[in-house]
Amino acid sequence: MNPTNSTTAHVPKPQLSQAELLYEAQQRQARNFRRNVGLSWGILLLVLIYLFSGQNFLGIKTISLDYEFIQNNMSFIARGIGQTFLVSALSITLAIVLALFAALGRLSKIPPVYALSTFYVSLIRGTPLYLQIFFFFLALPQLGIILTGLWAGVLALGLNYGAYMSEIFRAGLASVGKGQREAAIAIGMTPRQTMQRIVLPQALRFAIPPIGNDFIAMTKDSALVSATGFVHEIMWRATRVGRAQFHSLEALIMAAIFYWLITLVLSYIQSIIETRLSRGER
Amino acid sequence: MKKLYQVLVVALLASLVLAACGANAPQADNLLDAIKQRGYLLVSTDPNYEPQSFLNTEGKRLSDTKCPSDALTTAEMQGFDVDVAKSIGDALGVETCFATPSWDAITAGNWADKWDLSVGSMTITTARQSILDFSIPYYYTPAVVAVRADSGITELSQLEGQSLCVGASTTYDQWLNHDMEGLGLPETSIYAEAPNVTVVPLETDQECAQAIAAGREDFIGYVTSGTVVDANIAAGFPVVKLGSTVYSEDLAAAFDKSSSLPTDTLRAEVDKLFTAMHNDGRLSELSIKWFGSDLTQSPK
Amino acid sequence: MAPIIRISDLDKYFGQLHVLKQISMDVLPREVVCIIGRSGSGKSTLLRCINFLEEPSFGTIEVDGLKVETGTKGRERRQLVHDVRLKTGMVFQEFNLFPHMTVLENVIEGPVTVKGMDRVKAIELAEQNLDSVGLLFKKDEYPNRLSGGQKQRVAIARALTMEPKVMLFDEPTSALDPELIGEVLNVMKKVAKDGMTMLVVTHEMGFAREVADRVLVMADGEMIEDSKPEKLFSNPTDPRTKALIDRYRTGGN
């Protein structure tokens, strides 16, 4: 112990163990990292804002926007958010149901069922979503099935995402170990009970994070439904207002910002759900 | 499990069909009576064009409206075509509602009864007459070529070998592609032949104008209605009108030939109304209000 | 006394491989029978044929009066197999608890879903069994928070709560760390003492010697010995049995 020379009350630093010092250093590193990342984000945002400021500083050209137009029309475009969510929510529900059936169909021993699932997945994954939306809107009436723009879009989006999501469910179903099925059988459960009580609950839990990602992607793809003209969601509002007033760029940028905000909010919610799910139980 | 699968598939299809059926359940034996019965007229218009048809972003949806949920009420729309459509609804004693399909869906016909008629500044062409019925024209627009102000071009002939932009599925598209038959306009309406250019079709002519304003060099000009070019110039776009009118178009309301209910009585009413509005000057008034000049006089 | 399990001329093929060769055996009520043998001898397959986790290729399985023969097919067979499974409880090497359910939910799942038992009654029964295996205090935990030995004890409670006539154990301690084996064996001894008919495939010679009424030895798909433990361990007939016992003895038991 070193004797203190000064007369002022110099509080000696507590002796920390090696482990504690190491921990402190790690904490400091983590804090620095977070702070620097935050700083970088801030700078990137500033650069982005400057890019759209319309200034001509140091000969660097920037994009100039009509801010009055943006102010006047922001709330009109924002009112499309409700329809965007409606389309996305309906579509993802349909997609989940179809994906489940397709995944189960892939496991089926009945030839027509197996064929239907594989055909569906192949056909949908092989054609563009944009085309599928038009198909349901324009071609079905010839078969006597007339769908509103909303339902044609929901059907197209649901079928489309269902085909891709069926892979997720297939993996989910496979992730449930064979031993559990055997335990269920040994207790006397029928195949249906085994599927309902043991396999599906676990497969669905497995699928929740990927489904969350798909939902977020779907809110963007819902913009394509505006092509039918009947769903007044964000994209439709932005294009109509933009064209009529000759400010398509500003309108589309506004739409982009709204989609970005939606994505940020949904991503945050998803991370909370994922943390909640992984805590405690499996 | 198989049975459950089957039941759910049937339920899914059934609910889709039911949803569709709910939209259209006609009881009258012609479209006019059906409209009067349900209390609203459903007009298609694509609100991409100021001043013909564009959104009233400040407008609040009327609370006592009969309009379907995906159609807009008169409070939410404005423009020359909108006012003309409203006149039709008023003459029939019903509310006017606006469906907003994309323009190529409207010009393609086979509307599957999704709306009653189109009031969208549609040009009468022989191609369209095979799938749509037209009313008498309610106004006429000159088609013009607009070029970049700094291009130095003053005559049509100077455009040979260049690129011009048009809105897809428009008559301007057909004229530029020398599709005179498809255009189907009387010879007397055509004042100039299209130069030989590379045609760049974009979704609407607004895309053409805005591309030029943004400084893109994919094309040197575009072809559209004179009213649109006037609006572009007024908005400060760096374009000028080239020479004079290249052809004149008759613009009318359109009806679907494949409508499940006969449209003849409705068409008769609309023709009667347009004739009256031409004679008593109401159409001229509206034209001056929106275009600044009277475009309702036939150039013939 | 009529046997509670009777296996007659059981043959099982996996493709070309003849895994069980004309096995016949009886198990009397309240008997504890241990089956030992090298890996690949067919002992697990034999056990799994009894509750039809494996489909016998030929032969007859009879459990508590329910007889399933080679010729039994279709709906009749499905019904019989279902009933057999209600009469047998199985404990697996890998425990196979349902990870998305708590311990209590695992144990009541069978009675409630399969037997349609009233949930309150099922919980009562389950808690009794959990208590007797010493794990009542863990009833609201999820399986991933339990040790291997605890999981296996829960698995035993789960099987017992179905009130089976026979308990089948498929190498119940082979996946456990050595210090956890004892707690599971103790529970099994208790189950035996309470009078349950047990069929145990195991490597635990000590358990076999102490608790079994009979020991069966499997080799190459055949049953080479069937005797009381004292006789088997002191004076085995077949040289393969001797080799087996010696191996485990030197392997440290």
Side-chain angles (χ1 to χ4, degrees), chain A residues 96-97 99-100 103-104 107-111 113 165 168-212 270 272-282, chain C residues 44 47-48 50-55 78-103 105-117 140-145 151 154-155 158-164 166-170 175:
Chain A
I96 291 174
V97 172
L100 197 54
L104 290 171
L107 300 170
S108 169
K109 305 261 188 344
I110 307 166
V113 174
M165 276 163 72
I168 297 171
F169 281 112
R170 223 172 49 83
L173 289 169
S175 76
V176 178
K178 180 171 161 234
Q180 284 184 58
R181 287 187 176 90
E182 289 193 341
I185 293 174
I187 302 184
M189 283 200 204
T190 62
R192 187 155 72 91
Q193 285 170 330
T194 309
M195 180 60 72
Q196 258 175 260
R197 302 282 307 167
I198 308 299
V199 179
L200 278 183
Q202 292 184 71
L204 286 176
R205 205 161 295 194
F206 174 93
I208 285 177
I211 289 178
Q270 186 187 342
I272 292 182
I273 294 179
E274 278 184 31
T275 322
R276 194 76 56 85
L277 274 182
S278 64
R279 203 188 289 158
E281 30 136 305
R282 212 237 203 169
Chain C
S44 279
L47 198 75
R48 287 157 65 88
I50 296 176
N51 70 349
F52 298 90
L53 279 179
E54 302 291 354
E55 275 298 321
R78 275 204 297 272
Q79 185 61 45
L80 280 170
V81 166
H82 176 81
D83 293 336
V84 164
R85 287 177 179 156
L86 287 177
K87 301 217 182 206
T88 54
M90 182 168 251
V91 177
F92 298 84
Q93 183 176 343
E94 298 294 341
F95 332 127
N96 290 336
L97 293 181
F98 306 130
H100 60 300
M101 299 181 181
T102 61
V103 162
E105 287 167 350
N106 258 276
V107 179
I108 64 171
E109 181 62 24
V112 170
T113 304
V114 180
K115 301 214 292 198
M117 192 188 280
D140 293 319
E141 290 277 10
Y142 281 91
N144 68 347
R145 310 263 278 167
K151 282 191 234 192
V154 171
R158 177 173 70 174
L160 287 174
T161 310
M162 286 295 282
E163 298 173 302
V166 178
M167 285 282 280
L168 307 172
F169 292 83
D170 190 358

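Throughout, protein chains are lettered first and strands after them, A, B, ... in sequence-line order, and every chain is numbered starting at 1. Given the structure is predicted, the values throughout are model-derived calculations rather than measurements.
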Scored by heavy-atom pairs under 4.5 Å with chain C, the best of A/Ala184, A/Gly177, A/Gly188 is A/Gly188
Checked C/Met90, C/Lys115, C/Arg158, C/Glu141 vs chain A; the most non-hydrogen pairs under 4.5 Å come from C/Arg158
Rounded to the nearest 0.5 Å, the CD atom of A/Gln202 sits from the CE atom of C/Met101 at a distance of 8.0 Å
Of C/Leu53, C/Asp83, C/Val91, C/Thr88, the largest count of non-hydrogen pairs under 4.5 angstrom with chain A goes to C/Leu53
To the nearest 0.5 Å, atom CD of A/Gln180 lies from atom NE2 of C/His100 at 7.5 Å
Separation between CD1 (A/Ile198) and CG (C/Asn106), nearest 0.5 Å, reads 7.5 Å
dist C/Glu109:CD -> A/Arg197:CZ (nearest 0.5 Å) comes out at 4.0 Å
Cut-off 4.5 Å, heavy atoms of chain A, and the answer for C/Arg78 is neither
Turns out that what part of A/Glu182 lies under 4.5 Å from chain C's heavy atoms comes down to both
When rounded to the nearest 0.5 Å, the distance separating CD1 of A/Ile185 from CZ of C/Arg48 is 9.5 Å
When the 4.5 angstrom heavy-atom criterion is applied to C/Leu168 and chain A, the contacting part is neither
Whatever's closer than 4.5 Å to a heavy atom in chain A on C/Phe92 counts as side chain
Worksheet item: With distance as the sole test, does A/Gln193 use its side chain to make a donor-acceptor pair with the main-chain N or O of C/Thr113 at under 3.5 Å?
Response: yes
Counting heavy-atom pairs under 4.5 Å with chain A, the top scorer among C/Asn96, C/Val81, C/Thr102 is C/Asn96
